[in-house]
Amino acid sequence: MTRTTINELSNHVGQEVQLDGWVYNSRSGGKLGFLMLRDGTGIAQCVLSKSDVGDDAFALFGRLTQESSVTVTGTVSADERAPGGYEIHAQSLSVTQMAEEYPISPKEHGTAFLMDHRHLWLRSRRQHAIMLVRHEIIKACRDFFDSNGFILMDTPIITPNAVEGTTTLFGLNYFDRFVYLTQSGQLYSEAAAAAFRKVYCFGPTFRAEKSKTRRHLTEFWMVEPEMAYCDLEENIHWAEEMVAFMVGRVLESRREQLDILERDTAPLEGLKTPFPRLSYTEAVDVLKQADVDFEWGGDFGGGDETIISEKYDQPLVVHRFPAAIKAFYMKLDADDERLALGMDILAPEGYGEIIGGGQREDDYALLLKRLKEANLPEDKYQWYLDLRRYGSVPHSGFGMGIERAVAWICGLPHVRETIPFPRMLNRVEP
RNA sequence: UCCGGAGUAGCUCAAUUGGUAGAGCGGGUGGCUGUUAACCACUAGGUUGGGGGUUCGAGUCCCUCCUCCGGAGCCA
């Protein structure tokens, strides 16, 4: 008797095996029953014949409730009638725990109800597929940086610094000192880059914005590389290659999950680097040609981004924004001082901004001037200014929002399903 | 914060002009040896989001509060 899991069934045809898992669904005939068993690696059909398992086990099968935990033993066979192609002809059935009435029935539910039961919803086939794609995306990012000479340097979650003064931060009482939950690891990554040359951080970030849209969470995950001796061009190159690598990996390893999600993979398969590029000024012209009332100098809204990126079937790099609408640390364009050397990457198919980044200001005096203009407390940024006092070099980096990337690659309308336990304006539970 | 929409059975939704609150799923009982979100029969299940008002009569009309959803702003 081999104890195995559902994803391994094809290697055990003709053998007697033991499966442990949960009741996904069951159907019964008078003397024949079908138990859909979920074990975390997949779902398999177990066929129970009264004459094989005996009266007691068959009666037990009849009493099984959805999501009860059970152990089934039986012989594996290939059968076209079975979802997944393999099934178990059961010899025995035992129950670890008989579940109470399960709130999530096999029929449709609303998202509010499902979110209230997120801890259980994660067991469903669709959520399972999304989480596996998320896992693959995160793993691909790490593999990409690890294999390109980047060092993982974790950055603090509790911080006295606002990375961007304009955004709202979650405050925290830290032994009677007022501190924040981080909104980006970037400033610390800049210090790390001066120590290790190429680094990345991967962690949760927090934004106390009262955003109520399909693209916003108050707690989300970002991967943020930072490179010393790196200008805007090279920064864009790294971002493009990372996105291409990530998408390629998901297509290679998680096709089954994309199928479950009914994701049309053609747009993903067509991805090619380098991605098309548009300067901010060119993007404004695109908007004007589309009869959008937009003045040079303003920031793009979600609708503007959609209009701009709709013209391309590739991720779109938009670069060189007006410095006035960008963060204090962005380096100014030597060719046009109104511009900052920032870049965003907009995902195709209307998914909008997934990456934001740029070249950092490396001149001490200019950085200090910009810091003051942004009304940020100078004393809290002394350590950051030190980086420009001691061997300052051109350096750049970017951040990618994991949930937005997952939503795009899975083809989901909302980021709330892309993270196990979403935190939003009106949701901190479960 | 602003604009729009929605709250009816455990869940998803119906309910005509203001006139006896219903169905499917899920639960319970029984039936069925190849089911595919199985099917068939029977059955239990309701303070129609809260409060107030109009009316012979309110799920339906009016006022008010609450909650949620979608969008805007801001951003990854």
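Scope of the values below: all heavy atoms of this structure, side chains included, with no hydrogens, waters or symmetry mates. To find a chain, count down the sequence lines: A is the first, B the second, and so on, and within it residues start at 1.
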Using a cut-off of 6.0 Å, state whether more than 12 heavy atoms not belonging to A:D56 lie near its atom CG.
no

Pair A:L367-A:Y384, side-chain contact (heavy atoms from CB on, under 4.5 Å): steps then yes or no:
CA-CA 10 Å; A:L367 184 63; A:Y384 186 64; 3.8 Å; yes

Tell me whether the rings of A:W296 and A:Y280 are parallel (<30°), tilted (30 to 60°) or perpendicular (>60°).
perpendicular

Please tell me if A:N426 has a side-chain N or O lying less than 4.0 Å from either OP1 or OP2 of B:U67.
no

Quick one: label A:M222 by what it contacts on the DNA or RNA (base, sugar-phosphate, nothing), any heavy atom closer than 4.0 Å.
sugar-phosphate

B:G70, OP1 or OP2 - any side-chain N/O from A:H414 closer than 4.0 Å?
yes

What closest approach, in Å, do A:C410 and A:L258 show between heavy atoms, and which atom pair accounts for it?
CA-CD2, 4.5 Å

How far does the C1' atom of B:U67 sit from the matching atom of B:G57, given to the nearest Å?
30 Å

Nearest-Å distance once atom P is located in both B:C62 and B:A23
29 Å

At 4.0 Å (heavy atoms only), tell me whether A:F113 reaches a base, stays on the sugar-phosphate, or touches nothing.
sugar-phosphate

Tell me whether the side-chain N/O atoms of A:R416 come closer than 4.0 Å to OP1 or OP2 in B:G70.
yes

Assign the ring pair A:Y180 / A:F178 to parallel, tilted or perpendicular, where the plane angle (0 to 90°) is split at 30° and 60°.
perpendicular

Integer angstrom distance from the P of B:G10 to that of B:G46:
8 Å

What nucleic acid atoms does A:K50 come within less than 4.0 Å of, heavy atoms only: base, sugar-phosphate, or nothing?
nothing

What I want to check is whether an N or O donor and acceptor connect the side chain of A:R404 with the base of B:C75 at under 3.5 Å.
yes

Using the P atom in both, what is the distance from B:U1 to B:U17, to the nearest Å?
37 Å

Considering only atom C1', compute the distance from B:A44 to B:G49 and round it to an integer number of Å.
25 Å

Just checking A:L217: base, sugar-phosphate only, or nothing, at a heavy-atom cut-off of under 4.0 Å?
base

Quick test of your reading of the model: are A:D299 and A:K326 salt-bridged, counting only N-O distances below 4.0 Å?
no

Checking all strands, does A:S28 fall into the base, sugar-phosphate, or nothing category for heavy-atom contacts under 4.0 angstrom?
base

Under 3.5 Å donor-acceptor pair, A:H216 side-chain atoms to B:C75 base atoms:
yes

Could you measure between the two P atoms, the one in B:C69 and the one in B:C63, and give it in whole Å?
25 Å

Between the base of B:G34 and the side chain of A:E87, is there any donor-acceptor pair under 3.5 Å?
yes

Just to be sure I understand the rule, does A:Q45 reach a base, reach only the sugar-phosphate, or reach nothing, if contact means heavy atoms closer than 4.0 Å?
base

Describe the nucleic acid contact of A:P103 in one word from base, sugar-phosphate, nothing, applying a heavy-atom distance below 4.0 Å.
nothing

Whole-Å C1' distance, B:A21 and B:A15:
7 Å

Can a salt bridge be assigned to the pair A:R320 and A:D336 using a cut-off of 4.0 Å between side-chain N and carboxylate O?
no

Contact class for A:G110 (heavy atom, under 4.0 Å): base, sugar-phosphate, or nothing?
sugar-phosphate

Run the side-chain contact (heavy atoms from CB on, under 4.5 Å) test on A:E226 and A:V199 for me, step by step, so that the C-alpha distance in whole Å, both residues' side-chain angles and the decisive distance to 0.1 Å come before the verdict.
CA-CA 5 Å; A:E226 191 73 28; A:V199 300; 4.0 Å; yes

Please work out if A:D299 contacts a base, only the sugar-phosphate, or nothing of the nucleic acid, heavy-atom cut-off 4.0 Å.
sugar-phosphate

Is there aromatic stacking of A:Y102 against B:G26, centre distance under 5.5 Å, plane angle under 30°?
no

Is the shortest side-chain N to carboxylate O distance from A:K369 to A:E361 below 4.0 Å?
no

By nearest heavy atom, map A:A82 and A:T65 onto RNA chain B; which one lands nearer the 5' end?
A:T65

Could you write out RNA chain B as a dot-bracket string, with dots for unpaired bases, | for bases paired across to another strand, and Watson-Crick or G-U pairs counted at under 3.5 Å?
(((((((..((((.....[..)))).(((((.......))))).....(((((..]....))))))))))))....

A:W221 has an atom CH2; how far is it from atom P of B:A76, in whole Å?
18 Å

Using heavy-atom distances to pick each residue's nearest nucleotide on RNA chain B, tell me which of A:P413 and A:I402 is more 5'.
A:P413

What integer number of Å spans the C1' atoms of B:A14 and B:A76?
42 Å

